[in-house]
Amino acid sequence: MITLPGLIDTHVHLREPGATQKEDFETGTKAAIAGGYTCILDMPNNPEPTITPEALDKKISLAEERIYCDVGFHFGATLDSTQHFKQAKDKQSLSLRDKIFGLKVYMNHTTGTLLQEDPQILQTIFESWPKDKVLMVHAEGPTLEKAIQLAKNNGNRLHVCHVSLAQEVTMIKKAKSDGLPITCEVTCHHLFLTDEDAKKLGPFGMMRPPLPNKEDQQALWNGISDGTVDTIASDHAPHTKEEKNPPAGGSIPNGIPGLETTLPLLLTAVNEGKITVEKVIELTNTNVRKIFNVPQQFDTVVEVDPTKHYTLDARRLYTKCGWTPFEEMKVTGKIKRVVLRGQVVFENTEIVNPPKGNVIYPEKIKQQPD
Ligand code: DOR
Ligand code: ZN
Ligand code: ZN
């Protein structure tokens with residue numbers, strides 16, 4: 001048996017409010033716990049997006065008392081939502097700044113209505129976001145170049161979500177060597193599935209960014225080994241089976257669930273000698289806490305049997321969507337027990353206690369805002 005600190009996932013779409021047919025705070029945080037995650041951060045692209053303090057407060061009150069792991073929130077970027085960033089800079093009162101972990105800027109098309117493409121609006125967003133808080137981007141390929149330039153011009157702490165291409169790894173490596181405060185994450189679907197799998201998976205292999213080819217995938221693994229990649233996130237983005245299989249002519253939503261498969265896949269990679277346990281801890285806990293100012297959870301661990309072989313099976317998952325693109329994959333390494341603040345919350349495939357999670361807020365940032 002090996003013991004890991006509770007994993008932290010900074011990129012989760014819990015879907016409540018507005019799309020609870022896909023997932024809700026209860027099912028999503030049960031899935032998190034069953035996957036070894038004791039802390040997750042929720043993305044803002046709901047049908048009613050998290051772009052006002054009121055929408056954020058609504059999420060917080062919906063989540064309280066119902067969550068099985070700790071949950072924090074990100075804020076969404078629109079021209080309108082920049083009016084609230086001032087509040088995010090205010091250190092005196094309990095403001096937006098104290099409640100949210102980062103700002104998410106959608107620079108390419110994906111689920112939701114938060115796409116920002118206008119250069120002037122993007123400049124306003126980057127310029128007005130507090131420089132000591134993380135600005136996350138969904139920026140694929142050439143769009144990432146624009147994001148890095150904007151962050152460079154405006155002095156932002158840029159975090160690149162779901163890196164999936166060799167050219168993105170190269171850009172980030174270069175920006176890091178130029179001394180820019182830039183970090184990035186990869187997901188397990190980009191590390192373990194390729195465009196070949198996408199052909200077989202059909203709608204269930206469709207997500208943004210899409211699955212990479214073998215060469216791009218290898219660049220992601222290399223980025224992990226050489227330290228370019230800072231974190232691993234699930235980008236848990238559930239959609240129902242029906243939504244993934246619309247009547248002819250209907251549009252297929254992008255996104256796949258990932259909370260319950262990420263750790264088993266990483267443990268399998270450990271077993272195969274592709275990554276060390278120490279590196280997994282760095283990518284899913286230590287680095288994450290530093291980048292996002294996530295408070296430490298004491299007496300919080302995941303116990304895994306690193307040698308247990310089993311087959312991933314959607315019927316065993318807690319996610320409401322009820323499927324996984326990793327169906328029937330053979331993995332090595334099973335989550336046996338999860339302890340949150342000294343209390344057992346998961347044991348031998350079962351969630352064993354009423355919800356014990358808290359809504360969490362970032363640790364105070366030490367330096368002065370500009
Ligand atoms: O595939 C995706 N699904 N990519 C995203 O960026 C958003 C996500 C979702 O919310 O469904
Ligand atoms: Zn994204
Ligand atoms: Zn996402």
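Atoms within a ligand are numbered from 1 in the order they appear, just like the ligands themselves.
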Apply the salt bridge (charged side-chain N to carboxylate O under 4.0 Å, His left out) test between Lys22 and each candidate in Glu242, Glu243, Glu16; give the one that qualifies.
Glu243
Side chains of Thr78 and Gln116 only: does a donor on one sit below 3.5 Å from an acceptor on the other?
no
Counting only heavy atoms, which portion of Asn254 has something under 4.0 Å from ligand 1: side chain, backbone, both, or neither?
both
With distance as the sole criterion, is a donor-acceptor pair present between the side chains of His190 and Thr187 under 3.5 Å?
yes
Quick one: do the Glu282 and Thr286 side chains pair a donor with an acceptor below 3.5 Å?
no
Protein N, O or S within less than 2.8 Å of the Zn ion (ligand 2), waters excluded:
His138 ND1, His162 NE2
Quick test of your reading of the model: are Asp132 and Arg157 salt-bridged, counting only N-O distances below 4.0 Å?
no
Only N/O/S atoms count here: what is the atom of His13 closest to the Zn ion (ligand 3) called?
NE2
Between Gln149 and Asn153, do the side chains contain a donor N or O and an acceptor N or O under 3.5 Å apart?
yes
Establish, from distance only, whether the side-chain atoms of His159 and Glu185 form a donor-acceptor pair under 3.5 Å.
yes
Heavy-atom pairs closer than 4.0 Å: do any link ligand 1 to the side chain of Arg15, the backbone, both, or neither?
side chain
Under 3.5 Å, is there a donor-acceptor pair linking the side chains of Lys131 and Asn154?
no
Please confirm whether His239 comes under 4.0 Å of ligand 1, counting heavy atoms of the residue only.
yes
Any heavy atom of Glu140 sitting closer than 4.0 Å to ligand 1?
no
Mode of Met207 contact toward ligand 1 - side chain, backbone, both, neither (heavy atoms, under 4.0 Å):
both
